[in-house]
Amino acid sequence: ADNGIKNIVLLEDFVGSGSQFLGKDEGPKKSPTILDCLFNLGPEYNALILPLISCPEGVMNINNAIERKSCSWIQCKTTFLLTSACFVKDMIPNKNTLSTMEQAELDEFLNLHSLVNKIGTQHKFQYGPFGYKGMGSLVVMYTNCSDNTLAIVYERLPKWSPLFRRIDRVS
């Protein structure tokens, strides 16, 4: 306010479930989220949340939270929205989604899903074999690997070495 700033743009490299804006539902102590801080600014400030790469669920979760608070001064857009082809979720998609795949793609998808499930039963991954909230993202950024990605890709365990180890920013 002292500097006359009225417009804020928050850039994020990757949004999976949107938890970095909404807060993760972990632990008894809840601190204000980024979105809470934007809500508290009030309508005299305009805010744009702009992830460069987004999972559809994350943008939807953020926009739903904004809509619930009726905050017309906050918007969430995205530069690049990932399609369903970028995910192997813990739940196999419905038949309509599967019917759009060619046979070779369907076979590869089902084989990968089965492999992730099998490895997941042998190892105790923090968020399960399909990553945080079962998202199953196949995206790996050069800067880090999201916890929404398949756990076999990023999580190190005593008897499991990942291809792209995640660097936890919290610790």
Side-chain angles (χ1 to χ4, degrees), residues 10-31 33-36 49-66 68 76 78-171:
L10 298 175
L11 293 174
E12 179 67 33
D13 60 348
F14 181 78
V15 166
S17 65
S19 64
Q20 67 267 62
F21 291 93
L22 304 167
K24 290 188 179 181
D25 46 0
E26 298 173 8
K29 192 175 179 184
K30 186 177 181 334
S31 57
T33 66
I34 295 170
L35 212 47
D36 290 335
I49 298 168
L50 186 61
L52 301 177
I53 301 173
S54 305
C55 299
E57 288 177 37
V59 173
M60 182 183 69
N61 289 340
I62 293 168
N63 280 325
N64 286 344
I66 293 167
R68 279 192 302 275
C76 178
T78 187
T79 305
F80 184 78
L81 191 63
L82 299 171
T83 66
S84 60
C86 299
F87 301 92
V88 178
K89 295 177 177 270
D90 60 352
M91 294 181 63
I92 294 181
N94 62 38
K95 289 182 182 180
N96 291 339
T97 303
L98 295 177
S99 68
T100 63
M101 295 180 183
E102 294 182 20
Q103 189 59 48
E105 182 184 13
L106 177 60
D107 292 344
E108 287 177 14
F109 173 85
L110 293 173
N111 285 337
L112 180 57
H113 192 277
S114 176
L115 176 68
V116 171
N117 254 336
K118 184 176 182 178
I119 293 171
T121 60
Q122 297 169 357
H123 301 279
K124 191 124 177 107
F125 294 109
Q126 180 179 2
Y127 297 121
F130 295 92
Y132 186 69
K133 295 196 175 188
M135 189 156 292
S137 168
L138 297 173
V139 175
V140 174
M141 306 285 288
Y142 80 94
T143 53
N144 202 0
C145 194
S146 169
D147 59 8
N148 294 299
T149 302
L150 295 172
I152 63 172
V153 174
Y154 76 85
E155 190 170 340
R156 181 185 264 320
L157 295 173
K159 293 186 178 188
W160 184 261
S161 293
L163 291 171
F164 302 99
R165 186 169 181 201
R166 176 173 168 72
I167 297 147
D168 189 5
R169 294 181 218 159
V170 178
S171 62

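Residue numbers run from 1 in the order of the sequence given. Because the structure is a prediction, the values reported are computed rather than measured.
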Trainee: Between Glu57 and Asn61, is there a side-chain donor-acceptor contact under 3.5 Å, judged purely by atom types and distance?
Mentor: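 No, because no side-chain N or O of Asn61 sits under 3.5 Å from a partner of the opposite role on Glu57.
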Trainee: Shortest non-hydrogen contact from Asn63 to Cys76?
Mentor: OD1-CB, 3.3 Å
Trainee: Can you see which heavy atom on Leu35 is nearest to which on Ile49, and at what distance?
Mentor: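 Distance-wise, the nearest heavy atoms are CD1-CD1, 3.7 Å.
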Trainee: Hey, what do you get for CG (Asn148) to CG (Leu82), rounding to the nearest 0.5 Å?
Mentor: 10.5 Å
Trainee: Between Gly120 and Pro129, which heavy-atom pair has the shortest distance, and what is it?
Mentor: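 Minimum heavy-atom contact is CA-CB, 3.7 Å.
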Trainee: Taking atom types as modelled, find out whether Asn117 and Ser114 have a side-chain donor-acceptor pair closer than 3.5 angstrom.
Mentor: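 Result is no, nothing qualifies.
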Trainee: More than 12 foreign heavy atoms under 6.0 Å from CD of Gln122: is that the case here?
Mentor: yes
Trainee: Looking at Tyr154 and Asp147, would you say the former's side chain and the latter's main chain have a donor-acceptor pair under 3.5 Å?
Mentor: yes
Trainee: State the CG-CG distance between Leu150 and Leu163, to the nearest 0.5 angstrom.
Mentor: 10.5 Å
Trainee: Between His113 (side chain only) and Lys89 (backbone N and O only), is there a donor and an acceptor less than 3.5 Å apart?
Mentor: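 Checking the backbone N and O of Lys89 against the side chain of His113, a donor-acceptor pair under 3.5 Å is found.
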Trainee: Any chance you could measure Ser146, atom OG, to Phe164, atom CZ, to the nearest 0.5 Å?
Mentor: 14.0 Å
Trainee: Nearest 0.5 Å, what's the CG-CG distance between Leu50 and Leu10?
Mentor: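 These two atoms lie 9.5 Å from each other.
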Trainee: Taking the side chain as every heavy atom from C-beta outward, state whether Val88 and Leu138 have any atom pair closer than 4.5 Å.
Mentor: yes
Trainee: How long is the straight-line distance from CZ of Phe130 back to CE of Met135, given to the nearest 0.5 Å?
Mentor: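 The CE atom of Met135 sits 13.5 Å away from the CZ atom of Phe130.
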Trainee: What distance do Asp13 atom CG and Met141 atom CE have between them, rounded to the nearest 0.5 Å?
Mentor: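 Rounded to the nearest 0.5 Å, the CG-CE separation comes out at 4.5 Å.
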Trainee: Would you name the heavy atoms of Glu155 and Trp160 that are closest together and state the gap between them?
Mentor: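 Minimum heavy-atom contact is O-CD1, 3.2 Å.
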Trainee: Could you go through Gln20 and Glu12, starting from their C-alpha distance and side-chain angles, then the distance that decides it, and tell me whether this counts as side-chain contact (heavy atoms from CB on, under 4.5 Å)?
Mentor: CA-CA 9 Å; Gln20 67 267 62; Glu12 179 67 33; 3.5 Å; yes
Trainee: Kindly give the heavy-atom pair with the smallest separation between Pro51 and Thr78, and that separation in Å.
Mentor: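 So the minimum-distance heavy-atom pair works out to O-OG1, 3.3 Å.
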